[in-house]
Amino acid sequence: MNNNKDTKEKICAFYASDYHFEMMSLPYIDEKMKNKDEVIILTENNLEETMKTFLSKVNFKEEKKEKILKLDWKNNDFEKFKTIKEKIKEEKDLIIFIKGKEDYIQKVNQDIEKWIVEENHIKLINCYPLEEVGENLERIMSQYKKVLRTTGEKEIEKI
């Protein structure tokens, strides 16, 4: 499934619910946005409403909340692939979250490999639902060198 090519760094993450995904990824997204990295969220389901609800409960300035919502939390992959292509032409560092079931993640990764062949400034963060992964957690983690946690990226052997 995950042919870890040298051109793209791939990281895995696991979440219990949409809110858990948002809570886990938000500190990392905020840090990357401060570094001027481009963040794109490819998601199997629409997260716009859950993200609005989540942001309404966190103590961020309105400006930061608006910036986070502008990331586009909807499930409109075609539009986001066009954005990815544009950012690559601009040679921007890209952080692409791919959130969904294993078959969705696999398909999106294959599409990215086809569309974006030799780019070395892309980090793919494949986010799996714990409920679906279940007993396959070790198999999935064995395909990656790092995992994203609330505290950031961690080498898998150090977990």
Will you find, in the side chains of Asn126 and Tyr104, an N or O donor that is under 3.5 Å from an N or O acceptor?
no
With sequence neighbours excluded, give me every ring-ring contact (aromatic ring centres under 6.0 Å, His included) pair touching residues 57-78.
none
According to ring pair (Phe, Tyr, Trp, His ring centres under 6.0 Å), who are the partners of Tyr28, at least two apart in sequence or on a separate chain?
none
Given Lys101 and Glu132, is the salt bridge (Lys or Arg N to Asp or Glu O under 4.0 Å) satisfied, shown in steps?
CA-CA 7 Å; Lys101 294 181 179 172; Glu132 183 207 27; over 6 Å; no
Would you say [X] and [Y] make side-chain contact, with heavy atoms under 4.5 Å?
{"X": "Ile122", "Y": "Ile88", "answer": "yes"}
{"X": "Glu66", "Y": "Leu69", "answer": "no"}
{"X": "Thr43", "Y": "Phe97", "answer": "no"}
{"X": "Met33", "Y": "Leu71", "answer": "yes"}
{"X": "Leu94", "Y": "Ile84", "answer": "yes"}
{"X": "Lys145", "Y": "Ile156", "answer": "no"}

Do other residues, nucleotides or ligands put more than 12 heavy atoms under 6.0 Å from the CD atom of Glu90?
yes
Check whether more than 12 heavy atoms from other residues, nucleotides or ligands sit under 6.0 Å from atom CD of Glu48, and answer yes or no.
yes
In terms of hydrophobic clusters joined by side-chain contacts under 4.5 Å, are [X] and [Y] together?
{"X": "Leu137", "Y": "Ile105", "value": "yes"}
{"X": "Leu42", "Y": "Leu26", "value": "no"}
{"X": "Leu148", "Y": "Tyr19", "value": "yes"}
{"X": "Ile29", "Y": "Ile11", "value": "yes"}
{"X": "Leu124", "Y": "Met141", "value": "yes"}

Roughly how far, to the nearest 0.5 Å, is [atom2] of [Y] from [atom1] of [X]?
{"X": "Ile68", "Y": "Phe54", "atom1": "CD1", "atom2": "CZ", "result": "8.5 Å"}
{"X": "Met23", "Y": "His20", "atom1": "CE", "atom2": "NE2", "result": "5.5 Å"}
{"X": "Tyr15", "Y": "Tyr128", "atom1": "OH", "atom2": "OH", "result": "10.5 Å"}
{"X": "Asn109", "Y": "Ile96", "atom1": "CG", "atom2": "CD1", "result": "9.5 Å"}
{"X": "Ile41", "Y": "Leu47", "atom1": "CD1", "atom2": "CG", "result": "8.0 Å"}
{"X": "Lys10", "Y": "Ile125", "atom1": "NZ", "atom2": "CD1", "result": "13.0 Å"}

Checking Gln143 against Cys12 for the side-chain contact (heavy atoms from CB on, under 4.5 Å) test, could you report, in this order, the C-alpha distance in whole Å, the side-chain angles of both residues, the deciding distance, and whether it holds?
CA-CA 9 Å; Gln143 300 173 42; Cys12 65; over 6 Å; no
Residue set satisfying side-chain hydrogen bond (donor to acceptor under 3.5 Å, both in side chains) with Glu22, at least two apart, ordered chain then number -> Thr50
Sequence neighbours left out, what passes side-chain hydrogen bond (donor to acceptor under 3.5 Å, both in side chains) with Asp103? Give chain and number order.
none
Please name the pair of heavy atoms, one in Pro129 and one in Gly100, separated by the smallest distance, quoted to 0.1 Å.
CD-O, 3.1 Å
For the student: nearest non-hydrogen atoms of Met24 and Phe14, plus distance
SD-O, 3.6 Å
Side-chain donor/acceptor of Lys65 to backbone N/O of Leu55, under 3.5 Å
yes
side-chain contact (heavy atoms from CB on, under 4.5 Å) against Asp72, all qualifying residues, sequence neighbours excluded
Lys74, Asn76, Lys80
For side-chain contact (heavy atoms from CB on, under 4.5 Å), just list the numbers for Glu38 and Lys32, CA-CA rounded to whole Å, side-chain angles, deciding distance to a tenth of an Å, and then say yes or no.
CA-CA 8 Å; Glu38 296 290 331; Lys32 295 302 177 183; over 6 Å; no
Check step by step if salt bridge (Lys or Arg N to Asp or Glu O under 4.0 Å) holds for Lys99 and Asp18.
CA-CA 9 Å; Lys99 179 204 163 283; Asp18 289 344; 3.0 Å; yes
Please list, chain by chain and in numerical order, all residues satisfying salt bridge (Lys or Arg N to Asp or Glu O under 4.0 Å) with Glu79, sequence neighbours excluded.
Lys82
Please assess Glu102 against Val133 for the test side-chain contact (heavy atoms from CB on, under 4.5 Å), listing each intermediate value before the final yes or no.
CA-CA 8 Å; Glu102 189 173 2; Val133 172; 5.9 Å; no
Working for salt bridge (Lys or Arg N to Asp or Glu O under 4.0 Å), residues Glu44 and Lys107
CA-CA 11 Å; Glu44 191 169 20; Lys107 181 180 180 335; over 6 Å; no
One pair to check against side-chain contact (heavy atoms from CB on, under 4.5 Å): Lys146 and Lys154. What are the steps and the verdict?
CA-CA 5 Å; Lys146 292 182 181 178; Lys154 300 292 178 202; over 6 Å; no
With a 4.0 Å cut-off on N to O distance, would you call Lys34 and Glu31 a salt bridge?
no
